[in-house]
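Report on the following structure.
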Amino acid sequence: MLSSAGADAIFTERSVRGRFPDQVHQGIGWWLGACLVVTQQASRLAVAHDGHPVVSEIAARLCRGAINAQHYRCQVQYLGHSSTDDFFSAMKASGGACGAWLDASDDLGVTTVEITLYSRGGLALPPAALRGIRLLMERDQVPIPVNDAARGAIQVSSGDTDPGRIPS
């Protein structure tokens, strides 16, 4: 699903970052959500974004990937368009959720997306953890659910009112 050359372009020491849609596209959200849950053995995940229209769809897919990651039954709190303060507060209040913060910027007609993944302690994943996610994606070993009973759920804690932006 993701070639080594593609991974080299988007995986940095601290995040996943690239041009939309040629380097970072909506599908990467699902892969990152599923791989984050499995590599971190996460039972809870907080997901929020800066409100840019491009990242709202990627965030929704990240939520869907997280709830479908093997047998973890991950419970996702989707904050939607949020501030970073509210995002980190939600991670802390959940009693140790991992997290995913998505933002985008536009410059001269080019949209750049950055996805930062967080450990339970609220720290950005270290490079070694990002390498583990990258390897799963390069090897096309993106985790899938074991069965329907293993699927998690998404709780929407968001001001987003557009049904297309709210993951289900």
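FYI, side chains are in, hydrogens and waters are out, and symmetry mates aren't considered; it's all heavy atoms of this structure.
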Between [X] and [Y], is there a donor-acceptor pair closer than 3.5 Å when you use the side chain of the first and the backbone of the second?
{"X": "Arg64", "Y": "Ala60", "value": "yes"}
{"X": "Asn147", "Y": "Ala150", "value": "yes"}
{"X": "Arg73", "Y": "Ala149", "value": "yes"}

I would like to know whether Trp101 and Glu114 meet side-chain contact (heavy atoms from CB on, under 4.5 Å); could you show each step before the answer? CA-CA 8 Å; Trp101 173 260; Glu114 184 165 23; over 6 Å; no

Would a single hydrophobic cluster contain both [Y] and [X], if residues Ile, Leu, Val, Met, Phe, Trp and Tyr are joined by side-chain heavy-atom contacts under 4.5 Å?
{"X": "Ile154", "Y": "Tyr72", "answer": "no"}
{"X": "Ile115", "Y": "Val38", "answer": "no"}
{"X": "Trp31", "Y": "Ile67", "answer": "yes"}
{"X": "Phe11", "Y": "Val55", "answer": "yes"}
{"X": "Ile133", "Y": "Trp30", "answer": "yes"}

Specify the closest pair of heavy atoms between [X] and [Y], including all atoms of both residues, with the distance to one decimal.
{"X": "Arg61", "Y": "Gly27", "answer": "NH1-N, 3.8 Å"}
{"X": "Gln40", "Y": "Ala129", "answer": "NE2-CB, 3.9 Å"}
{"X": "Arg134", "Y": "Ala7", "answer": "NE-CB, 3.3 Å"}
{"X": "Leu45", "Y": "Ala100", "answer": "CD1-N, 4.2 Å"}
{"X": "Ala48", "Y": "Ser82", "answer": "CB-CB, 3.8 Å"}
{"X": "Leu32", "Y": "Met137", "answer": "CD2-SD, 3.8 Å"}

Close side-chain approach of [X] and [Y], heavy atoms under 4.5 Å:
{"X": "Gln70", "Y": "Val37", "result": "no"}
{"X": "Asn68", "Y": "Arg151", "result": "yes"}
{"X": "Val47", "Y": "Leu102", "result": "yes"}
{"X": "Arg14", "Y": "Thr116", "result": "no"}

Using the ring of each side chain (for Trp, its six-membered ring), is Tyr78 parallel, tilted or perpendicular to His49, with breaks at 30° and 60°? tilted

To the nearest 0.5 Å, how far apart are [atom1] in [X] and [atom2] in [Y]?
{"X": "Cys35", "Y": "Leu130", "atom1": "SG", "atom2": "CG", "value": "11.5 Å"}
{"X": "Tyr118", "Y": "Leu125", "atom1": "OH", "atom2": "CG", "value": "9.5 Å"}
{"X": "Asp22", "Y": "Ile10", "atom1": "CG", "atom2": "CD1", "value": "10.5 Å"}
{"X": "Leu123", "Y": "Leu117", "atom1": "CG", "atom2": "CG", "value": "13.0 Å"}
{"X": "Gln155", "Y": "Gln77", "atom1": "CD", "atom2": "CD", "value": "5.5 Å"}

side-chain contact (heavy atoms from CB on, under 4.5 Å) between Arg120 and Gln41, intermediate numbers included: CA-CA 10 Å; Arg120 286 178 190 85; Gln41 299 179 351; 4.3 Å; yes

Check the surroundings of atom CD1 in Ile144: do more than 12 heavy atoms from other residues, nucleotides or ligands lie under 6.0 Å from it? no

Test Arg19 against Asp107 for salt bridge (Lys or Arg N to Asp or Glu O under 4.0 Å), laying out the working first. CA-CA 11 Å; Arg19 290 182 315 276; Asp107 186 30; over 6 Å; no

Report all side-chain donor-acceptor pairs from residues 86-98 shorter than 3.5 Å, counting only partners two or more places apart or in another chain.
{"residue": "Asp86", "atom": "OD2", "partner": "Ser83", "partner atom": "OG", "Å": "3.4"}
{"residue": "Ser89", "atom": "OG", "partner": "Asp85", "partner atom": "O", "Å": "3.0"}
{"residue": "Ser94", "atom": "OG", "partner": "Met91", "partner atom": "O", "Å": "2.8"}
{"residue": "Ser94", "atom": "OG", "partner": "Ala97", "partner atom": "N", "Å": "3.0"}

Quickly, which of Val54, Asp103, Ile28 forms a side chain to side chain contact (heavy atoms under 4.5 Å, CB included) with Val113? Name it, please.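 Of the listed options, the one satisfying the test is Val54.
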
